[in-house]
Novice: 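Just passing along the structure, written as structure tokens.
All values derive from a computational prediction rather than experimental measurement. Values below: all heavy atoms of this structure, side chains included; hydrogens, waters and symmetry mates excluded. One-based numbering, in listed order, for ligands and for the atoms of each.
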Amino acid sequence: MLQGPRHFVVVGGGLAGLASATWLSEAGARVTLLERRGSLGGRTISMPLPVVDDVPDNGQHVFASGYENVFHYLDSVGTREHVRFPGKMGYRFAGGDVVSASFHNADAFLRRVPGITLRDRMGAMLATVRLLAQSLRQPADLDAITATEWFERLGMPRSVQRALWDGITIGLTGDKPDLSAAKPLADLMAVGAKQAVKLRTPISIGYPTVDLDTLYLAGARRVFAERGVDVRYRAVVRSIDVEDGAVTGVTLADGERVAADAVICAVPVWDIKGLLDQVPGHEAIYRAVDVLQPVPIVSVNLYLDRSIGMQEWGEVLYDSLGVLEQVWDRQKMHGRRPDKNYLYSTTVSASYELIGMSNDEITQTQMEILRRYYPEARDAQVVHSHVVRMAKSTITQHRGSDGARPGVETSVRGLALAGDWLQTGWTITMEGACQSAARAVEHLLGADGVRDEAGGPTVTLAS
Ligand SMILES: Cc1cc2nc3c(=O)[nH]c(=O)nc-3n(C[C@H](O)[C@H](O)[C@H](O)COP(=O)(O)OP(=O)(O)OC[C@H]3O[C@@H](n4cnc5c(N)ncnc54)[C@H](O)[C@@H]3O)c2cc1C
């Protein structure tokens with residue numbers, strides 16, 4: 001518990017900043033959270049839509065079964081019950097044929113894909129065993145080759161790559177398999193496999209049963225109010241201030257100084273330049289900005305006048321990559337009552353082509369695809385279409401990117417970094433953001449308490 005007036009400033013109110021502020025306050029620290037925008041949540045937010053009296057998300061966020069630190073955060077703010085792992089998803093073909101399958105019985109899906117022979121499926125099984133083995137004991141060059149090159153090396157039949165693994169790669173790394181390095185995919189498979197053994201549950205994908213604000217913010221706001229965390233909105237930090245090798249606080253864009261004994265800087269990679277100019281060695285951190293480029297995601301919340309007859313909560317559309325990749329049934333996921341309309345959300349990751357189109361063009365493209373894959377969508381009318389273009393959604397994990405990610409520790413006493421882009425051994429995801437926060441907090445508090453200048457313990461971690 002806090003024994004001295006130590007003051008921690010957290011810069012950035014996305015998941016990494018929220019988790020940092022939550023865990024620091026849990027340990028008894030005095031915390032100020034500075035967020036540049038008028039609201040918290042960063043890249044995981046809901047958006048009020050008065051025209052349909054709804055609060056959809058900025059894009060579907062799914063959970064891999066290997067995530068741990070995100071769940072620790074949800075436990076801390078009391079909302080873990082709102083994540084569900086149903087164990088399977090739908091794979092849908094044009095015309096409406098659909099298979100429900102899980103990771104460990106993907107063969108059920110492959111059996112239905114036209115052109116995939118028995119020989120391909122046997123080859124795929126062997127290649128998948130090799131893939132899991134190499135994920136657990138990784139060859140040294142996985143950060144130097146693309147996912148596609150890795151599949152070829154593993155002997156994954158091209159037909160199975162196209163039908164299954166290209167989509168899995170986009171889903172897990174957020175980028176195209178011929179661009180994404182093999183390493184982030186291998187890392188995710190390794191953690192998923194280890195967790196599956198530890199928890200005795202198969203590798204699977206989960207989803208929130210509530211909107212992202214309820215999941216991530218409602219509990220945090222309650223915890224912050226109870227513990228007196230001072231949240232300041234529209235507080236744009238311009239620099240982290242350093243004197244004699246130790247952090248002294250931050251300066252805001254309007255010139256105000258906020259003094260601090262320790263700072264966690266939890267801004268995205270594209271906002272880091274300029275903030276750390278006083279930190280010795282900041283050039284190496286800034287180099288990450290050139291390597292870790294933003295990847296766009298286009299999501300559309302489609303309010304329709306009728307059900308399109310989805311079989312599963314989420315369905316991957318076979319052979320539609322790049323135009324519409326997944327469809328999410330908000331009625332099934334959120335228990336939403338379709339009194340006035342039905343809400344389906346669509347996701348296109350790595351949407352380099354789509355992002356430049358107009359809202360009408362995007363909506364039209366998505367509806368054309370829905371009509372092709374869902375017979376019940378043929379006559380469906382769009383009540384409202386809410387297009388969310390996030391040019392900066394996830395981050396490229398191309399060849400060599402793993403080595404460009406800096407760690408959470410800095411050369412300055414009392415200063416740590418957090419955010420999904422930092423080196424945690426995890427890919428650039430919500431889990432990466434929370435994991436970096438856990439490491440930053442642990443680093444600043446120390447495993448058994450931070451020592452003040454006189455050497456006495458000032459803060460100890462609450463158990
Ligand atoms: C549409 C979409 C879908 C996604 N899907 C998934 C998914 O399915 N699974 C998954 O794991 N991940 C997914 N992600 C990625 C995930 O959302 C991010 O990895 C994670 O939210 C990043 O959190 P963060 O705290 O590191 O950064 P951010 O959420 O970007 O937060 C950083 C905060 O810092 C603030 N800030 C910046 N500069 C300053 C400054 N100078 N002063 C004060 N404040 C500042 C920003 O305003 C922001 O609030 C998705 C992202 C998007 C956009």
Side-chain angles (χ1 to χ4, degrees), residues 9-21 32-45 47 56-64 66-67 69-70 73 83 170-175 184 188 205-208 212 215-217 231-240 250-254 258 263-276 292 294-301 314 325-326 328 345-351 355 388-395 397 408 417-422 424 426-437 440:
V9 162
V10 176
V11 182
L15 254 187
L18 289 168
S20 301
T32 301
L33 173 59
L34 302 173
E35 166 54 45
R36 171 175 76 174
R37 297 200 193 124
S39 55
L40 298 173
R43 272 171 277 160
T44 47
I45 51 167
M47 314 169 105
D57 293 333
N58 68 328
Q60 181 59 47
H61 282 70
V62 293
F63 298 73
Y67 285 12
N69 293 275
V70 176
Y73 170 72
V83 179
I170 292 193
L172 291 179
T173 70
D175 211 343
L188 275 165
I205 298 291
Y207 64 85
L212 289 172
L215 184 72
Y216 286 127
L217 293 183
V231 182
R232 292 183 55 185
Y233 298 97
R234 306 218 178 278
V236 184
V237 173
R238 194 183 59 200
S239 69
I240 310 283
V250 303
T251 300
L252 304 187
D254 62 6
V258 181
V263 172
I264 293 182
C265 181
V267 305
V269 62
W270 43 79
D271 289 328
I272 195 73
K273 257 192 185 162
L275 294 188
L276 305 179
L292 305 174
V295 180
I297 295 182
V298 171
S299 311
V300 187
N301 293 304
E325 166 198 310
Q326 285 142 348
W328 315 99
S345 303
T346 64
T347 307
V348 187
S349 302
S351 54
I355 193 124
V388 189
R389 277 191 201 75
M390 298 275 301
K392 294 175 173 177
S393 284
T394 53
I395 296 170
Q397 298 180 81
V408 302
L417 308 178
D420 59 356
W421 55 287
L422 293 159
T424 56
W426 249 100
T427 55
I428 297 173
T429 51
M430 300 186 287
E431 173 64 12
C434 289
Q435 189 167 119
S436 69

Novice: Which residue owns the protein heavy atom closest to atom 31 (O) of ligand 1, what's the atom, and how far is it?
Specialist: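 Here the nearest protein heavy atom works out to Gly14 CA, 3.2 Å.
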
Novice: Around atom 44 (N) of ligand 1, find the nearest protein heavy atom and jot down its residue, atom name and distance.
Specialist: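 Closest protein heavy atom to atom 44 (N) of ligand 1: Arg36 N, 3.2 Å.
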
Novice: Hey, which atoms in ligand 1 end up nearer than 4.0 Å to a heavy atom of Ala235?
Specialist: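 Ligand 1 atoms under the 4.0 Å threshold to Ala235: 42 (N), 43 (C).
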
Novice: Flag Ile428 as yes when one of its N or O atoms lies below 3.5 Å from any N or O atom of ligand 1, and as no otherwise.
Specialist: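 Checking ligand 1 against Ile428, no N or O pair falls under 3.5 Å apart.
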
Novice: Closest non-hydrogen protein atom to atom 23 (O) of ligand 1, residue and atom name please, with distance?
Specialist: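 So the nearest neighbour among protein heavy atoms is Ala433 CB, 3.7 Å.
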
Novice: Could an N or O of ligand 1 be found under 3.5 Å from any N or O of Glu35, whether backbone or side chain?
Specialist: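 In this structure, Glu35 places an N or O atom under 3.5 Å from an N or O of ligand 1.
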
Novice: We want to know whether Thr346 and Trp328 form a side-chain donor-acceptor pair, criterion being a heavy-atom distance below 3.5 angstrom.
Specialist: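 The answer is no; no qualifying pair exists.
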
Novice: I want to confirm something. Looking only at heavy atoms, which of Leu212, Val267, Thr427, Val298 is nearest to atom 38 (N) of ligand 1?
Specialist: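 Checking each option, the heavy atom nearest atom 38 (N) of ligand 1 is found in Val267.
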
Novice: Relative to ligand 1, is Ala266 under 4.0 angstrom through side chain, backbone, both or neither, heavy atoms considered?
Specialist: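 The backbone, only.
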
Novice: Do any nitrogen or oxygen atoms of Gly419 come within less than 3.5 Å of a nitrogen or oxygen of ligand 1?
Specialist: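 No - when backbone and side-chain N and O of Gly419 are compared with those of ligand 1, no distance drops under 3.5 Å.
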
Novice: For atom 40 (C) of ligand 1, what's the nearest protein heavy atom and its distance?
Specialist: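 For atom 40 (C) of ligand 1, the nearest protein heavy atom comes out as Val237 N, 3.8 Å.
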
Novice: Ligand 1 versus Leu34, non-hydrogen atoms closer than 4.0 Å: side chain, backbone, both, neither?
Specialist: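 Answer for Leu34: backbone.
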
Novice: Can you find a non-hydrogen atom of Tyr67 under 4.0 Å from ligand 1?
Specialist: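 Yes.
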
Novice: For ligand 1, which part of Asp271 has a heavy atom less than 4.0 Å away: the side chain, the backbone, both, or neither?
Specialist: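 The answer is the side chain of Asp271.
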
Novice: I want to know whether Trp426 and Tyr67 have ring centres closer than 6.0 Å.
Specialist: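 Yes; Tyr67 has its ring centre under 6.0 Å from that of Trp426.
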
Novice: Under 3.5 Å, N or O to N or O, is Ser299 touching ligand 1 that way?
Specialist: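 No.
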
Novice: Give a yes/no on ligand 1: does Gln60 have at least one heavy atom closer than 4.0 angstrom to it?
Specialist: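 Contact present.
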
Novice: To the nearest 0.1 Å, how far is atom 21 (O) of ligand 1 from its closest protein heavy atom, and which atom is that?
Specialist: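 Answer for atom 21 (O) of ligand 1: Thr44 CG2, 3.6 Å.
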
Novice: Compute the shortest N/O to N/O distance between Asp420 and ligand 1 and return yes if it is under 3.5 Å, no if not.
Specialist: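 Yes; the residue has a nitrogen or oxygen that sits under 3.5 Å from a nitrogen or oxygen of the ligand.
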
Novice: Evaluate His61 for polar contact with ligand 1, using N/O atom pairs at a separation under 3.5 Å.
Specialist: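 For ligand 1, there is an N or O atom that lies under 3.5 Å from one belonging to His61.
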
Novice: Quick one: which of Gly274, Ala16, Ala418 has a heavy atom closest to atom 25 (O) of ligand 1?
Specialist: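 That would be Ala16.
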
Novice: Under 4.0 Å between a Lys/Arg side-chain N and an Asp/Glu carboxylate O for Arg238 and Asp254?
Specialist: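 Result for this pair is no, no salt bridge flagged.
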
Novice: For ligand 1, is there an N or O atom under 3.5 Å from any N or O atom of Arg43?
Specialist: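 Yes; at least one N/O pair falls below 3.5 Å.
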
Novice: Counting non-hydrogen protein atoms only, what is the nearest one to atom 15 (C) of ligand 1? Give residue, atom name and distance.
Specialist: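 So the nearest neighbour among protein heavy atoms is Thr394 CG2, 3.9 Å.
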
Novice: For ligand 1, find out whether one of its N or O atoms is nearer than 3.5 Å to an N or O atom of Val62.
Specialist: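 Right, the criterion is met.
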
Novice: Going by distance only, is there an N or O of Gly59 that falls short of 3.5 Å from an N or O of ligand 1?
Specialist: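 In fact, backbone or side chain, Gly59 has no N or O that close.
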
